[in-house]
Number of protein chains: 2
Amino acid sequence: MRIGELAARAGTTTRTLRYYESRGLLAARRNHNGYRTYDEDDLKLLRQIRTLQDFGFDLEETRPFVECLRAGHPEGDSCPASLAVYRRKLSELDELIGELQAVRAQVGEQLVRAERARDELAADATVPGGPDPVCELGGRTR
Amino acid sequence: MRIGELAARAGTTTRTLRYYESRGLLAARRNHNGYRTYDEDDLKLLRQIRTLQDFGFDLEETRPFVECLRAGHPEGDSCPASLAVYRRKLSELDELIGELQAVRAQVGEQLVRAERARDELAADATVPGGPDPVCELGGRTR
DNA sequence: GTACGGCTTGACGCCGACGTCAAGGCAACA
DNA sequence: TGTTGCCTTGACGTCGGCGTCAAGCCGTAC
C-alpha cells in the first residue's frame with residue numbers, strides 16, 4: 001500500500017509517516033515511480049508507535065519496540081530493552097503523578113485560603129462600622 | 001533596584017524579567033540613563049508569578065494575579081478572576097492526574113503481560129523438547 | 001585612560017512532533 | 001488533452017519560555 005492508505009489505516013497523516021522515516025523509525029520500499037510502499041508489518045509497527053505515543057512516550061522511547069519488531073519478535077515488547085522502557089516510564093509516571101498531586105494540594109489550599117479571606121472581608125463589610133470594602137466582592141460587577 | 005538585583009532576589013534571570021516585561025506582566029520605570037528600576041512591589045509581583053510558574057501555570061494564567069496586585073489588592077488571589085484560575089487549574093490537574101493514572105495502569109498491565117510472556121518462553125525453553133528460544137531471554141547477552 | 005561589570009536593544013537558537021505551503025511528477029478518467 | 005488526486009522533496013512555521021550572542025552604552029575603580 002502507499003503512504004496515504006497507511007496513514008489513513010493508522011489514523012495519522014502522511015506528514016507524520018515521513019517524519020518517522022526521517023527519524024529512522026519507519027523504513028519504506030519504493031516502487032517503480034518512486035512512491036513509498038508499505039505492507040502489513042509496517043502497519044503493525046506504526047500502530048505500535050502510535051499506541052506508545054498515545055501513552056505519552058516520546059518518539060525515541062518507541063525505538064526499542066520498533067527494533068524489536070523489526071528483529072522478528074512477535075511483539076514490540078518481547079525484548080528486554082522494551083521492558084526497560086516500560087519500567088522507566090512507570091517510575092517517571094509515578095514521580096510525575098506525585099508531583100501533580102502535591103501541586104493540586106497546594107493550589108487547593110491557596111484557593112481555600114483566598115476564599116476564606118474574601119468571605120471574612122465580606123462579613124466585615126456587612127457589619128456596621130466594619131472596615132471599608134477594598135475589593136470587589138462576590139460576583140462580577142459588570 | 002536594577003534588573004540584576006531584582007532577578008537575583010527572585011531567583012531568576014534578567015532575560016526572564018525582560019521577557020515578562022515584553023509580555024506586559026512586569027512594568028519597569030527607567031532612571032536617568034535608561035536602566036530599568038524596580039521596587040519592592042515589583043519583587044512581590046515577580047514572586048507571585050514565579051510561585052504560579054512553579055505550580056505549572058503558564059504565563060497567561062498568572063496575568064489575573066498580576067493585575068490584581070497592580071490594582072492594589074493585598075494578594076494576587078484577592079480577586080475573583082484569580083480564584084477562577086485556581087478553580088480551572090484544579091479541574092485541569094484532576095483531569096490530568098486521572099489520565100496519567102489510567103496510562104500508568106495500562107503501561108503496568110503491558111509490563112506484566114510482556115514479562116509473563118517472556119517467562120513462559122523461558123519455562124518452555126528449559127523443558128526438554130520445548131520450543132526453540134527465539135528471543136534473547138532474561139539478562140543481557142553481551 | 002582603561003579595564004570591568006552591569007546595563008541596553010535586537011535577533012537568532014532551542015526543543016518535539018509535526019502542520020503547511022511550494023513546485024512539480026505520475027496515473028487514471030472524461 | 002485536460003483535470004483530478006495522490007505522490008515527491010524541500011523548506012519554513014508553530015508553540016512557550018526563555019538561553020545566548022552581538023554590539024554598544026554607563027559608571028566606577030585603579
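The chains referred to below are lettered A, B, ... by the order of the sequence lines, with proteins before strands, and numbering in each begins at 1.
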Kindly state each residue pair satisfying salt bridge (Lys or Arg N to Asp or Glu O under 4.0 Å) with at least one member in residues 11-28 of chain B, sequence neighbours excluded. B:Glu21-B:Arg30, B:Glu21-B:Arg36

Determine: side-chain N/O of A:Arg30 to OP1/OP2 of D:dT9, distance under 4.0 Å, yes or no. yes

So, does A:Glu61 use its side chain to make a donor-acceptor pair with the main chain of A:Asp58 at under 3.5 Å? yes

Whole Å only: how far is the CG atom of A:Leu52 from the C1' atom of C:dA17? 15 Å

Please report, rounded to the nearest Å, how far the P atom of C:dG25 is from the CZ atom of A:Arg2. 18 Å

Any salt bridge between B:Glu60 and B:Arg63, counting N to O under 4.0 Å? yes

Between A:Arg36 and D:dC7, is there a side-chain N or O to OP1/OP2 distance below 4.0 Å? no

Round to the nearest Å and state the distance from A:Arg63 atom CZ to C:dG16 atom C1'. 14 Å

Can you check the B:Leu17 CG to C:dT9 C1' distance for me, whole Å? 16 Å

What is the distance, rounded to the nearest whole Å, between atom CD1 of A:Ile3 and atom C1' of D:dG5? 15 Å

So if I define the base as every atom that isn't primed, P, OP1 or OP2, how would nucleotides 12-28 of chain D read as a B/S/- string at a heavy-atom cutoff under 4.0 Å? -----BBBB-----BS-

Mind calculating the distance between CD (A:Glu21) and P (D:dG10) to the nearest angstrom? 12 Å

Tell me if a side-chain donor or acceptor on B:Arg50 pairs with a main-chain N or O of B:Leu45 at a distance below 3.5 Å. no

Ring centroid separation B:Phe65 to B:Tyr86 under 6.0 Å: yes

Are any side-chain N or O atoms of A:Arg70 and backbone N or O atoms of A:Leu25, one a donor and one an acceptor, separated by less than 3.5 Å? yes

Separation of atom OH in A:Tyr38 from atom C1' in D:dC7, rounded to whole Å: 11 Å

Hey, does A:Arg18 reach any base, or is it just sugar-phosphate, or nothing, if we go heavy atoms under 4.0 Å? base

